[in-house]
Amino acid sequence: MPRLPAPPGHVPADVPGLHAAVLSWYAEHARDLPWRRPGTDAWGVLVSEVMLQQTPVVRVEPAWRAWTARWPRPADLADADPAEVLRAWDRLGYPRRALRLQACARELVARHAGEVPQTTEELLALPGVGPYTAAAVIAFAHRGRAVVLDTNVRRVLGRVVQGVALPAPSLTRAEHTLAAELLPADPERSVRWNVGVMELGALVCRARAPRCPSCPVLDRCAWTLAGRPPDEHAGRRRTQPWHGTDRQARGRVLAELRATEGTVDGARLRRAATLSASGDPHQPARALASLLSDGLVEEHAPDRFRLPRSGEGYCPA
DNA sequence: AAATCGTGGTC
DNA sequence: TGACCAAGATT
């Protein structure tokens with residue numbers, strides 16, 4: 001994620017033809033995503049990257065169009081009503097991202113003259129911006145050289161170079177080193193490499209059902225050459241539970257509030273948060289309380305709740 | 001550093 | 001059907 005100056009004498013890892021194959025495949029097969037279009041500014045790219053954190057492209061696309069049309073610049077979002085921001089976020093999931101994006105917009109206005117900064121340090125200091133998003137903004141918004149390591153890139157490099165079905169549960173130093181070594185020295189080429197590998201992971205080298213016959217690097221894929229061995233970490237990956245969890249309960253509460261103008265009775269929210277799959281009697285109250293402390297819900301009057309209004313802004317504990 | 005945080009589609 | 005997955009960040 002550092003905006004790596006091309007190291008003097010930088011030599012890409014020795015995977016013959018890999019770059020050329022990916023770049024030419026991308027030139028042919030890239031999706032026409034709205035945030036990739038030439039007119040998109042850095043703010044538009046940043047918005048897309050935050051929306052894309054754990055949310056599939058197909059669901060982000062319409063939300064991004066509406067969002068950027070309504071709040072085209074950071075200053076516009078900074079001035080918006082948080083309740084409207086949460087409604088516009090719709091059901092992208094993880095609604096804290098919406099509040100963080102607004103907090104980010106306010107930071108940009110307050111400390112960056114309303115512009116998206118260009119350094120890793122400044123980007124990482126923004127709410128909701130972590131290592132992936134900072135690198136992605138440098139690469140795709142500023143056309144700079146950065147190590148973009150998302151779940152797609154990790155999977156592609158894991159297979160093609162390391163010969164494993166799926167990467168380890170958490171990012172390793174070795175993966176970062178490998179990605180940095182593979183990054184082309186030329187900035188513009190590095191940008192196309194980054195987006196090309198990501199796109200390859202999304203369209204061909206997919207987690208579930210890889211489309212190997214369509215793969216431009218099939219003949220040099222270490223995983224395929226090894227006979228596509230199964231996932232070493234199979235069974236060790238714990239999938240996140242959903243039914244009966246606080247997250248499901250919180251989701252119910254927010255859905256109720258999103259659909260309602262004005263305030264909602266606490267009893268109604270706790271009823272919405274009552275899950276048949278959960279035997280925990282105080283889960284509804286706990287869900288509501290946690291939403292309050294996250295700033296996603298506001299208590300307007302005793303036991304009367306609503307989506308947050310402009311005023312305090314986003315102030316998590 | 002493991003847990004937490006939504007939502008919906010797929011096989 | 002249910003487990004798995006999706007351009008992660010935060011604490």
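Residue numbers begin at 1 in each chain, while the letters A, B, ... track the order of the sequences. Fair warning: this is a prediction, and the values are worked out from it, not measured in the lab.
If you measure from atom CG of L171(A) to atom C1' of dA7(C), you get 14 Å, rounded to the nearest angstrom. In this structure, R97(A) atom CZ and dA7(C) atom C1' are separated by 11 Å, rounded to whole Å. Rounded to an integer number of Å, the gap from CZ of R155(A) to P of dA7(C) is 7 Å. One can place CG of L126(A) at 15 Å from C1' of dT10(C), the figure rounded to the nearest angstrom. Residue Q240(A) contributes atom CD, which lies 15 Å from atom P of dA2(B) at whole-angstrom precision. We find that CG of D150(A) is positioned 15 Å from P of dC5(C), with the value rounded to whole Å. A straight line from CZ of R208(A) to P of dG9(B) spans 13 Å, rounded to a whole angstrom. Summarising the geometry, the separation between CG on L124(A) and C1' on dT11(C) is reported as 16 Å, rounded to the nearest angstrom.
With respect to R59(A) and D90(A), no salt bridge is recorded, no charged nitrogen being found less than 4.0 Å from a carboxylate O. Contact check on D76(A) versus R70(A) returns no salt bridge, with no Lys/Arg side-chain nitrogen under 4.0 Å from an Asp/Glu carboxylate oxygen. Checked for salt-bridge contact, R304(A) and E299(A) miss the test: no charged N lies under 4.0 Å from a carboxylate O. Comment: R154(A) engages E175(A) in a salt bridge, judged by a side-chain N to carboxylate O separation of less than 4.0 angstrom. For the pair D231(A) and R237(A), the salt-bridge criterion is met [side-chain N within less than 4.0 Å of a carboxylate O]. Ion pair D280(A)/R286(A) flagged as a salt bridge, since at least one NZ, NE, NH1 or NH2 atom sits closer than 4.0 Å to an Asp/Glu carboxylate oxygen. No salt bridge links R252(A) with E256(A); every basic N to acidic carboxylate O contact stays at or beyond 4.0 Å. Salt-bridge check for E61(A) with R31(A): failed, with every basic side-chain N at 4.0 Å or more from each acidic carboxylate O.
Taken residue by residue, residues 21-40 of chain A places heavy atoms nearer than 4.0 Å to DNA chain C at R31(A), L33(A), W35(A), R36(A). Contacts between residues 241-262 of chain A and DNA chain B, defined by a heavy-atom separation under 4.0 Å, are made by W242(A), R247(A), R250(A), G251(A), R258(A). Applying a 4.0 Å cut-off to non-hydrogen atoms, the residues of residues 51-65 of chain A that approach DNA chain B are Q54(A), T55(A), R59(A), listed by residue number.
No engagement by S48(A) is indicated, since no non-hydrogen atom pair under 4.0 Å with the nucleic acid exists. Among the protein residues, G130(A) comes within range of the sugar-phosphate backbone only, with heavy atoms under 4.0 Å from sugar or phosphate atoms but none that close to a base. As judged by a 4.0 angstrom heavy-atom cut-off over every strand, S170(A) is placed among residues making no nucleic acid contact.
For the P atoms, the distance from dA2(B) to dA7(C) is 24 Å, rounded to whole Å. Taking the P atoms as reference points, dG6(B) lies 14 Å from dT11(C), given to the whole Å.
Remark: the backbone N or O of V137(A) is not paired with any side-chain donor or acceptor of E49(A) at under 3.5 angstrom.
Taking every side-chain heavy atom of A207(A) into account, dA6(C) is the closest of dC5(B), dA9(C), dA6(C).
For dA3(B), the OP1/OP2 oxygens have a side-chain nitrogen or oxygen of R238(A) closer than 4.0 Å. T133(A) has a side-chain polar atom (N or O) that falls below the 4.0 Å cut-off from OP1 or OP2 of dA9(C).
Residues R91(A) and S290(A) each lie close to DNA chain B; by heavy-atom proximity, the contact nearer the 5' end of the strand is made by S290(A). Looking at which nucleotide of DNA chain B each of L92(A) and R206(A) is closest to, the 5′-most match is held by L92(A).
Test Q54(A), R100(A), Q53(A), R247(A) against Y94(A) for side-chain hydrogen bond (donor to acceptor under 3.5 Å, both in side chains) and you get one pass: R247(A).
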Evaluate side-chain hydrogen bond (donor to acceptor under 3.5 Å, both in side chains) for E122(A) paired with T119(A), printing each intermediate quantity in order. CA-CA 5 Å; E122(A) 291 172 302; T119(A) 70; 2.8 Å; yes

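A donor and an acceptor atom, one from each side chain of T55(A) and R97(A), are located under 3.5 Å apart.
Aromatic ring centres of W43(A) and W71(A) lie farther apart than the 6.0 Å criterion allows.
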